[in-house]
Every structure is written in C-alpha cells, then in structure tokens.
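Because the structure is a prediction, the values reported are computed rather than measured. Remember, it's 1-based here, ligands and their atoms both numbered in the order they're listed.
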Amino acid sequence: MTTRTPLMAGNWKMNLNHLEAIAHVQKLAFALADKDYDAVEVAVLVPFTDLRSVQTLVEHDKLKIKYGAQDVSAHDGGAYTGEISGPMLAKLRCTYVAIGHSERRQYHAETDELVNAKVKAAYKHGLTPILCVGEELDVREAGNHVAHTLAQVEGGLKDLPAEQAETIVIAYEPVWAIGTGKVCGAEDAQEVCAAIRGKLAELYSQELADKVRIQYGGSVKSGNVAEIMAQADIDGALVGGASLDSDEFVKIVRFRDQ
Ligand SMILES: O=C[C@H](O)COP(=O)(O)O
C-alpha cells in the first residue's frame with residue numbers, strides 16, 4: 001500500500017500584505033517548531049506580492065514550510081499585462097502553484113483548456129500544480145457532481161505524461177462549501193475523492209493513482225479536519241479562511257491531535 005504524506009495547504013487568497021505575511025509565517029514556524037511535524041507537509045499559497053518575503057524568511061530560517069502561488073500564466077513571458085510566469089515563480093523557488101481554483105474559473109472565466117495549459121506550464125518550470133476541481137451547488141443538487149468533477153480532472157490532465165501526473169496534487173473543492181461555512185460531509189467528500197482516484201487509474205494506472213495526493217477544500221476548520229482526514233482517499237486539506245488565523249491553521253495541521 002502506498003503511503004501518501006498529507007499536504008495541509010493554506011490558500012490565503014487576496015489577504016495579507018508582505019509584512020503581514022512575514023509575521024504570519026513566523027508565527028506558524030514558531031508554533032510548529034516544538035513538535036515534529038515531518039509526517040505532514042505544510043504549505044502556504046500566498047499573493048504574488050508576498051512571495052519574495054516568504055522565500056527570504058523560509059530560506060534564511062531554514063523553515064520546513066513550503067510556499068507557492070495561487071495562479072500561473074500559461075505563457076513563459078511576453079505581452080501579458082498583469083500575468084506572472086512559471087519562470088518567475090521558479091526563480092522564487094516556489095514548490096506549489098494552485099491552478100483552476102473555482103474563484104479563477106468563476107471570476108476570470110478559466111476553462112479546462114486554459115487550466116490544462118497552466119498545468120503544463122507549471123511542470124515545464126519545475127512547479128507542482130495543485131489542480132482545483134469541484135462542482136457548483138446546482139450541479140450537486142442535480143446529482144451530477146461526480147461526473148462534473150471528473151470531467152474537470154480529465155480536462156486539466158489532458159495529454160499530461162504519467163511522469164508528471166504522478167506528482168500532481170488534486171484539490172476537490174465543492175464550490176458551495178467554499179467560504180460559506182457549509183462543509184461537504186466527510187463521506188460525501190470521500191465519494192468524490194475516491195472517484196477522482198478511480199479516474200486517475202483509468203487515465204494512467206492504479207499504481208500512479210495510489211501515489212497522487214487528493215485534498216479536500218471547503219470550510220475546513222480544526223473542528224472538522226480530523227473526520228475529513230480519516231477518509232481513505234483524502235490526503236490533505238486546502239484551507240482558505242481558516243488559514244488566515246495562525247492558531248487555527250496550526251490546529252488543522254495537527255489534525256492527528258484532535
Ligand atoms: O482554496 C481554498 C478553498 O477555496 C476553501 O476556502 P475556505 O476554507 O475559506 O472555505
């Protein structure tokens with residue numbers, strides 16, 4: 001059986017300036033330093049303007065916390081005003097980049113085709129994508145949530161070679177549970193995450209599917225994380241609002257103590 005190290009990632013969204021970012025990461029590092037947390041990987045996905053400050057802190061203090069961005073351009077460079085490229089993120093030694101978050105899909109009309117191009121751009125520059133998928137409320141109510149989410153997975157991974165796909169992280173985030181306080185039931189989340197693993201097995205192999213980490217995201221808090229993490233196919237959490245409170249995020253990272 002494959003052991004997958006849980007990945008607990010805080011997606012700060014458009015919160016915390018670079019000074020606040022330094023203070024926040026210092027608090028996380030201090031709170032996590034008194035306990036061996038090697039069995040859990042911790043990452044923060046920060047605004048572009050925070051990356052250099054977070055990189056400097058993490059490298060100077062040799063912190064185990066990984067960091068990354070919340071989006072990447074599909075292009076390597078050129079006349080794309082406002083975009084940030086894979087080479088720029090690689091130069092900042094980012095580990096992760098979230099791609100296809102529902103807020104990018106909703107407010108920036110990102111399609112599966114563009115998400116797929118961004119996933120390929122991330123790999124081209126040595127970044128690990130956290131591919132975000134998940135259904136809106138009407139899709140869930142119509143009972144089409146599994147098919148909808150699997151179509152996003154297939155679209156995001158189109159023509160991606162197995163040697164890249166085996167390192168991807170997939171975050172299942174039902175849109176109706178994001179920032180609303182409505183948590184998808186742990187068993188309902190497990191149903192979709194198991195289906196995602198099944199899709200990976202179909203597209204690649206069972207061996208590859210067993211290696212891929214699948215996160216759940218959507219109103220994760222210290223009070224519900226243990227139940228979510230107890231599910232067989234959930235290997236971590238992508239945490240929005242609760243990741244802005246360092247004490248709360250630390251409790252989430254230490255879900256095994258709950
Ligand atoms: O990327 C994180 C998700 O959008 C979840 O956000 P939330 O924890 O505030 O519901």
Side-chain angles (χ1 to χ4, degrees), residues 6-16 20-21 24 28 40-48 50-51 54 65-72 94-108 110 115 118-119 122 127-137 139-140 145 148-149 152-153 156 168-186 188-190 192-193 196 213-229 231 234-255 258:
L7 172 60
M8 310 308 273
N11 174 13
W12 295 357
K13 308 194 179 185
M14 196 172 70
N15 294 290
L16 306 184
E20 293 164 334
H24 193 74
L28 292 181
V40 176
E41 199 181 332
V42 181
V44 289
L45 306 179
V46 309
F48 290 131
D50 295 356
L51 279 171
V54 171
I65 295 170
K66 308 263 177 68
Y67 58 90
Q70 301 168 10
D71 184 33
V72 63
C94 290
T95 300
Y96 293 107
V97 58
I99 296 177
H101 190 280
S102 65
E103 287 146 21
R104 300 291 315 171
R105 294 177 190 260
Q106 184 181 352
Y107 304 131
H108 301 273
E110 293 201 3
V115 167
K118 290 184 174 195
V119 166
L127 306 162
T128 299
I130 298 178
L131 169 62
C132 303
V133 295
E135 81 285 354
E136 295 80 13
L137 185 58
V139 177
R140 163 74 59 165
H145 49 290
H148 176 95
T149 301
Q152 289 181 331
V153 170
I168 203 162
V169 178
I170 297 180
Y172 169 57
E173 301 201 304
V175 179
W176 49 272
I178 295 178
T180 58
K182 287 184 196 163
V183 191
C184 181
D188 290 334
Q190 162 61 19
V192 183
C193 292
I196 292 172
R213 289 180 295 178
I214 301 174
Q215 297 177 304
Y216 168 78
S219 297
V220 173
K221 306 219 165 15
S222 58
N224 57 31
V225 65
E227 192 187 359
I228 290 165
M229 290 302 296
Q231 303 303 312
I234 300 182
D235 311 309
L238 187 54
V239 186
S243 74
L244 299 173
D245 175 335
S246 56
D247 293 340
E248 177 68 1
F249 188 59
V250 166
K251 283 187 199 158
I252 291 170
V253 169
R254 293 176 167 176
F255 65 92
Q258 302 293 317

For [X], take its heavy atoms, then give the atoms of ligand 1 lying under 4.0 Å from any of them.
X: Asn11; answer: 1 (O), 2 (C)
X: Gly241; answer: 7 (P), 8 (O), 9 (O)
X: Ala177; answer: 10 (O)
X: Gly218; answer: 5 (C), 10 (O)
X: Gly179; answer: 7 (P), 9 (O), 10 (O)

> Can you check whether Ser219 has an N/O within less than 3.5 Å of an N/O in ligand 1?
Replying inline: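 Yes.
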If we only count heavy atoms from C-beta on, is the [X] to [Y] side-chain gap below 4.5 Å?
X: Ile234; Y: Tyr172; value: no
X: Leu238; Y: Leu45; value: yes
X: Val46; Y: His24; value: no
X: Val239; Y: Glu248; value: no

> Residues in side-chain hydrogen bond (donor to acceptor under 3.5 Å, both in side chains) with Tyr216, at least two apart?
Replying inline: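 For Tyr216 there are no side-chain hydrogen bond (donor to acceptor under 3.5 Å, both in side chains) partners, ignoring immediate neighbours.
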> Who pairs with Gln70 by side-chain hydrogen bond (donor to acceptor under 3.5 Å, both in side chains), at least two apart in sequence or on another chain?
Replying inline: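 Per chain and number, Gln70 pairs via side-chain hydrogen bond (donor to acceptor under 3.5 Å, both in side chains) with no residue.
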> What protein heavy atom sits nearest atom 8 (O) of ligand 1, and how far off is it?
Replying inline: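 Result: Gly240 N, 2.9 Å.
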> Given that the side chain starts at C-beta and the backbone is N, CA, C, O, which of these parts of Leu238 lies under 4.0 Å from ligand 1, counting heavy atoms, or is it both or neither?
Replying inline: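 For Leu238, the contact with ligand 1 is made by both the backbone and the side chain.
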> Heavy-atom distance to atom 6 (O) of ligand 1: which of Glu173, Lys13, Lys182 wins?
Replying inline: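 Nearest heavy atom to atom 6 (O) of ligand 1 lies in Lys13.
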> Rounded to the nearest 0.5 Å, how far apart are CG of Asn11 and CD of Gln215?
Replying inline: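 The CG atom of Asn11 sits 10.0 Å away from the CD atom of Gln215.
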